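Everything below concerns the one structure shown next.
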Amino acid sequence: MALSEGAGRNAADPTRLAAVAFIEADRTLRETQDGDQASSAFLALVDKGSIGPKAAMAGTPYA
């Protein structure tokens, strides 16, 4: 999870991705005062950080 690593976090811990996404959403909310934009920022980072695990699970019962 490059996002976690970029923030100096352990990439193996999925809670790190959520924390990074939350921080970005909080920053967006403070800058824009727009809850929808903050929510979109959070979800975009979670989606981006989930690409690898989704690809790894493709073709398995967990996909």
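These numbers come from a predicted model, not from an experiment.
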Residues that S40 engages under side chain to side chain contact (heavy atoms under 4.5 Å, CB included), provided they are two or more places apart: none
Beyond-backbone contact of I51 with K54, side-chain heavy atoms, under 4.5 angstrom: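 No - every pair of side-chain heavy atoms lies 4.5 Å or more apart.
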Which atom of A21 lies closest to which atom of V46, heavy atoms considered: CB-CG2, 3.8 Å
Minimal non-hydrogen separation, A25 against A41, with atom names: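 Looking at all heavy atoms of both residues, the closest pair is CA-CB, 4.4 Å.
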Residues forming a side chain to side chain donor-acceptor pair (under 3.5 Å) with Q37, sequence neighbours excluded: T32
Nearest-0.5 Å distance that lies between atom OG1 in T28 and atom CD1 in I23: 12.0 Å
Atom pair CG (L45) and CG (L17), whose distance is rounded to the nearest 0.5 Å: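 If we round to the nearest 0.5 Å, L45:CG and L17:CG are 7.5 Å apart.
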Within residues 17-30 or reaching into it, pairs that qualify as salt bridge (charged side-chain N to carboxylate O under 4.0 Å, His left out) - sequence neighbours excluded: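 Counting only pairs at least two positions apart or across chains, the salt bridge (charged side-chain N to carboxylate O under 4.0 Å, His left out) contacts touching residues 17-30 are E24-R27, D26-R30.
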